[in-house]
Structure formats: C-alpha cells, structure tokens
Amino acid sequence: MNRDDFPILETGIIYFDNGATTMKPKCVVDKVVEYYTEYTSNAHRGDYDTSLRVDKEYESVRTKVKNLINAARDEEIVFTKGTTESLNTIVFGYMQKILKKNDEVLISKSEHASNVLPWMILKEKIGIEVKYVDLDENYAVTVENVKRAITDKTKVISLAHVTNVIGDIRDIVEIGKIAKENNILFVVDAAQSIGHVKIDVQKANIDFLGFSAHKMLGPTGIGVLYGKYELLNETDTLEYGGGMNAFFESDCSYELKEVPWKFEAGTQNIAGVIGMGRAIDYILKIGLDKIHEHELELKKYAVSELKKVPNIKIYNENTDSGIIAFNIDKVFSQDTAIFLNRFNICVRSGNHCAKILKDEIGITNTCRASFYVYNTKEEVDKLIEALKRQDEVYDNIV
Amino acid sequence: MDEKLKRDIILEHYQNPFHKGLSDNPEYITVNSRNASCVDNINVSVLIDDGVIIDARFDGDACAICTSATSVMAKTLIGKTLDEAKVIVENFENMINEKEYDSSVLEELNVYDTVYRQPNRKTCALLPFRAIRDIMNKNENK
Ligand SMILES: Cc1ncc(COP(=O)(O)O)c(C=O)c1O
C-alpha cells in the first residue's frame, strides 16, 4: 500500500520493525521542512505573520488529535514528547496525589517498561500495590481475567491497548465499562494501537491515554497525553517555565495557564507537532479499518508461511495485530536478527522492553516482526526464504 | 587463522560451552553482566586463590558471540595469575576496539580478531571481559 510515498523503501530495505518506530511518508517530512524553511518562529509568543502561522498550525493539530481519538474537546489534548512522558505525567502528576497506601493498580506482565516502572516507583514513594491481570493461554488479557483481578482496593487499571510483543488487542470498550462500574480510573497506553486500530476515548470511557507520533508515521520526540478535562485540571505538570504561566511576581505569587497549556512548558517541539498533524491526515486518508485489515492479512499470511519452515516457534499466532514474535529453535534471537540483516530485513530481537513477560512465556528473548501499511506479501516471502536458509545462520559469524 | 576454523571454534564453544553452570562454593566471586540493548545476560564466576585463577565458570542467556567468548575466556584464564589475566583482558579489549594489541598472549581468543567488523557484535564479545574486570576489582577490594 502506498509504497511510493516512502522514499526510504527505494533502498530495498525490508522494514519489519514498525513496533519500534515507523517510516515517514514524504508528505510528513515535507511538512516539517516547510516549517523550518518557510515560517520558523516560536508559538504563542509572536505578533508577526510567521508566528501567527505557527500558532494556527500548532493548535490545529490539537483538533486533529481530538478527532482522531474522539476526545470531547481540544483542551483534553496535551502535547508531550511521547508515550513515556505522557504516562509519567499521569502517574506522578495525578496518581501520586490521589492514590493512598495499599491502593491497587492493575497492570499486566506484557506491559512496556513505561507502563510498569512509573508504577513501581510510585509503589516505592507512597506504598501502592502493583497487581497483574492473569494472561490467558495466548498470553492475552481477557475481560474475564480483568474482572477477576479487581478487588475493592483496585483504584486504577492501566493497560496497553495493543501490547508490543504479543500484539493482543485488549477490549478497551468492555474494560472501560467495567472500570466505570467499579469506580476505577482507566489508563490506556496506546503506543502500539494509534494509527493501527480505531480508538474512541469516550466510548471506552478512558480517563487518561498516551501515544507517540513516531509509531504512526510521524516525527520522533512528539506525542500526546489525553485526559478527561476535569482530571487534567487536577493533574500537576512535571515542568514549570515559560509559556505555561499566566503571571508570577517577586512576592512569589503566580498563576499557571489553563489546561492544556499549563503542561507545555518551554519551547515546544513545534516541527514535531506539525509533522504529527500531517501524519494523522495521511493515516485517516487511507483509513484505519483498511490499515488494520492489511496488517492482519499480512500476519495471517506470514504465520501460515512460517509454519511451513522447520524449527520456527511462533509465540503469538492467535493475536489480531500485525505483530509476530518468533524464534528459530536453538538459535538466540539476536543471532537470528543479525542473520536477517544480511538480507536487508529488519526485525527486532530481545525482550522489547517488556521485561516481565518472561515470567509468562518462559523465554527471555524473541525476534519480532511487526508490519505496517507499506509492507507486502513479497517482503514476507523474502523473510521466509531467508529463514529457510537457517542452516547458514552462523556462516558469517566472523 | 582460517575463517572456517575460527567459525568452527566459536560454534563449538557456543553449542558445547566450557564450564557452563555455576559452582555453589561460596569462595567463588560471581558477577552479572548485561549489555545495554538488554539481550545478553551472563553470570561469570571465578575462584581465585593466592593470586591465581583456579576456576572460571558461567551461566546465562546470550548470543553465539557472547556465549562462546565467555566460554573461551574461561578456558583461557584458568591457571593464569591475575597479572597475566589482566594482560589478556587488556589485549582482548584492544583487539575488539581496533587498537594495537599483542596476539601472542590471547591464545584461542584470537578467533575473535575480526569481530570489530560487526559493530553490533562488539559489546557481545566484550561482555564477559567486563565481568572479569569487575571480578578482579572485587577481589582486590576483598
Ligand atoms: C506498548 C508501548 N508502550 C510505550 C512505549 C513507549 O513509547 P515511547 O518510547 O515513544 O515513549 C512503547 C514503545 O516502544 C510501546 O511499544
């Protein structure tokens, strides 16, 4: 799909590491370059044409994001440097204030570090409990298991919408409903789902959500924190400085700006915001349903072809996203990845920052192939051909 | 050294590592070593007596280069004095980092003399040597 829009693909690279970051279409790069070459200025600060243009472009992206995730209002969209900053702001700007000792936060063992470590640190700071939803036989989180894990101490459920190793899609609408019924806050890490599947924060009753633009064809260093307006109002910013204050005086009185601007301290990643806006346009033009369908078709094809290759173990055959975790029997994942690199095929090896998933799948390392719009069956065929030559894995080891 | 011979030695040490499995003797000094990309993860364990490396063992989960390098290192260091071991470690690190080194002290470790060509493998080969450095430091401060 749309391969011509991605100049980098002309190099012949077979890029299957979309879970880590995605390629950028030319229109996104052009949009960023346009800002730097035609109207570089700061935002919210100027009285001249280029600065006004920056303000307009910058704020228009808030509306685009609002529409993408169906937030109730523009002010619920905060620009951050990515999922990690968003989740940290949620945990240390809000949860730290309202949670108490022994309150339980429910996560899973397949979460990414950025949805685990902040909670562990909060446990250290104020004594919350971190609990894990049991994974089912496909290493997925089911609604049933979420229900079962809830106790009268559960105050927060914080889950990835799609996980980055197993790629299971959590039923966030159902989980959101259960959270609401039980008066539990619902936090969603949308890093792997944004730009892949539809998200409706109102329908799923999501209280907070975070994502990164670079995993949805946008620039690095920019992302979004979504929060319900009244919750963001109660959330502290983790940074103070220019652009986010209404006034301050020598007697130490001060007032911060309103939500969302109180979170955007200092000069923002303007080029990033503008580039992210273009990426959203691009994705919506293709259509999220079509993107998801394409990924699923590639995954199904890849799984059926991989099964014909001897000695391949697939860990997540039955999940509905474009992510495949696999190993060649008795070959360390990194050795496989380095071997595939000889064929110009990029897959990621390791634990993919999901370091406690090993408790569940019994193995610390996998190779991960993750697909996106521009990947093709022909590329999958090349992966299969390379894996069929697994006897040669160590031929070029030195 | 012939490329094929090098590869065979490396694969032999990967598939049948020397002294894999730790001892429960508390006299051993054991350290864990991981690389930043969080893939290789090894424990290296050494018994030192009167300035001599009596035994070296390891366990863990690591790629072919890291596992085999740990294995070859263990085999090479047993019986060496700490001073000799230091010279070996330094020369091995220099070899991997493309600095001048003395191949005559490296014995079988010379099979890694072209690893520098693969930047993504350098940390794998160096990992056990970082561990042995830690162990020697710990031993000095004992
Ligand atoms: C599920 C998940 N959550 C969070 C993140 C963190 O995203 P970022 O590094 O862009 O902050 C990632 C990225 O790998 C991810 O896959």
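Lettering of chains follows the sequences in order, A, B, ..., and the numbering in each one begins at 1.
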Q: Heavy-atom distances under 4.5 Å only: say whether A/I338 touches chain B with side chain, backbone, both or neither.
A: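 Only the side chain of A/I338 comes within 4.5 Å of chain B.
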
Q | Criterion side-chain hydrogen bond (donor to acceptor under 3.5 Å, both in side chains) on A/S333 and A/T366, from CA distance to verdict | A | CA-CA 5 Å; A/S333 64; A/T366 55; over 6 Å; no

Q.
Restricting to ring pair (Phe, Tyr, Trp, His ring centres under 6.0 Å), what partner residues turn up for B/Y14, sequence neighbours left out?
A.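 By the ring pair (Phe, Tyr, Trp, His ring centres under 6.0 Å) rule, B/Y14 matches A/Y394.
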
Q) Going through the checks in order, is the salt bridge (charged side-chain N to carboxylate O under 4.0 Å, His left out) test met by A/K382 and A/E385? A) CA-CA 5 Å; A/K382 294 210 171 112; A/E385 276 166 43; over 6 Å; no

Q. Under the 3.5 angstrom rule, does the side chain of A/T319 hit a backbone N or O of A/S321 as a donor-acceptor pair?
A.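 Such a contact is absent between A/T319 side chain and A/S321 backbone.
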
Q: Against chain B, work out which of A/N396, A/V393, A/T336, A/I397 has the most heavy-atom pairs shorter than 4.5 Å and name it.
A: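 Looking at each option in turn, the highest pair count goes to A/I397.
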
Q) Counting heavy-atom pairs under 4.5 Å to chain A, which of B/D61, B/T67, B/N41 comes out on top? A)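 Max contact count across the listed options: B/D61.
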
Q. Between B/K6, B/R121, B/K4, which residue shows the highest count of heavy-atom pairs closer than 4.5 Å to chain A?
A.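 The candidate making the most pairs under 4.5 Å is B/R121.
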
Q | Contact check, side chains of A/H112 and A/Q192, non-hydrogen atoms, under 4.5 Å | A |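 Contact flag for A/H112/A/Q192 side chains = no.
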
**Q.** Note, B/I88 side chain near B/L77 side chain (heavy atom, < 4.5 Å)
**A.**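 Yes, at least one pair of side-chain atoms sits under 4.5 Å.
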
Q: Examine the side chains of B/D55 and B/Y28 and answer whether a donor and an acceptor come within less than 3.5 Å of each other.
A: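 A donor-acceptor contact under 3.5 Å links the two side chains.
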
Q | Contact listing (chain A partner; residues 134-142 of chain B; heavy atom under 4.5 Å) | A |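 Heavy-atom contacts from residues 134-142 of chain B to chain A are absent.
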
Q. Chain A contacts: which residues in residues 95-120 of chain B have a non-hydrogen atom closer than 4.5 Å to it?
A.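 Residues in range: B/V111, B/T114, B/V115, B/Q118, B/N120.
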
Q. What about the rings of A/H161 and A/F211, do their centers lie closer together than 6.0 Å?
A.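 That pair fails the under 6.0 Å test.
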
Only distances under 3.5 Å count here; give the side-chain donor-acceptor pairs of residues 322-332 of chain A to other protein atoms, sequence neighbours excluded, each with its distance to 0.1 Å.
unit_1 : atom_1 : unit_2 : atom_2 : d
A/N327 : ND2    : A/Y315 : OH     : 3.1
A/N327 : ND2    : A/N365 : O      : 2.9

Q.
Assess the residue pair B/K75 and B/H13 against the criterion (side-chain contact (heavy atoms from CB on, under 4.5 Å)); give the C-alpha distance rounded to whole Å, side-chain angles, the decisive distance to 0.1 Å, and a yes or no.
A. CA-CA 10 Å; B/K75 199 174 146 196; B/H13 276 275; 3.9 Å; yes

Q | Test log, rule salt bridge (charged side-chain N to carboxylate O under 4.0 Å, His left out), inputs A/D391 and A/R389 | A | CA-CA 5 Å; A/D391 287 351; A/R389 292 168 63 177; over 6 Å; no

Q: Verify side-chain hydrogen bond (donor to acceptor under 3.5 Å, both in side chains) between B/N94 and B/E90, making sure each step is shown before the conclusion.
A: CA-CA 6 Å; B/N94 284 346; B/E90 267 162 29; over 6 Å; no

Q) For B/C66, is it the side chain, the backbone, both or neither that has a heavy atom under 4.5 Å from a heavy atom of chain A? A)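 B/C66 has no heavy atom closer than 4.5 Å to chain A.
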
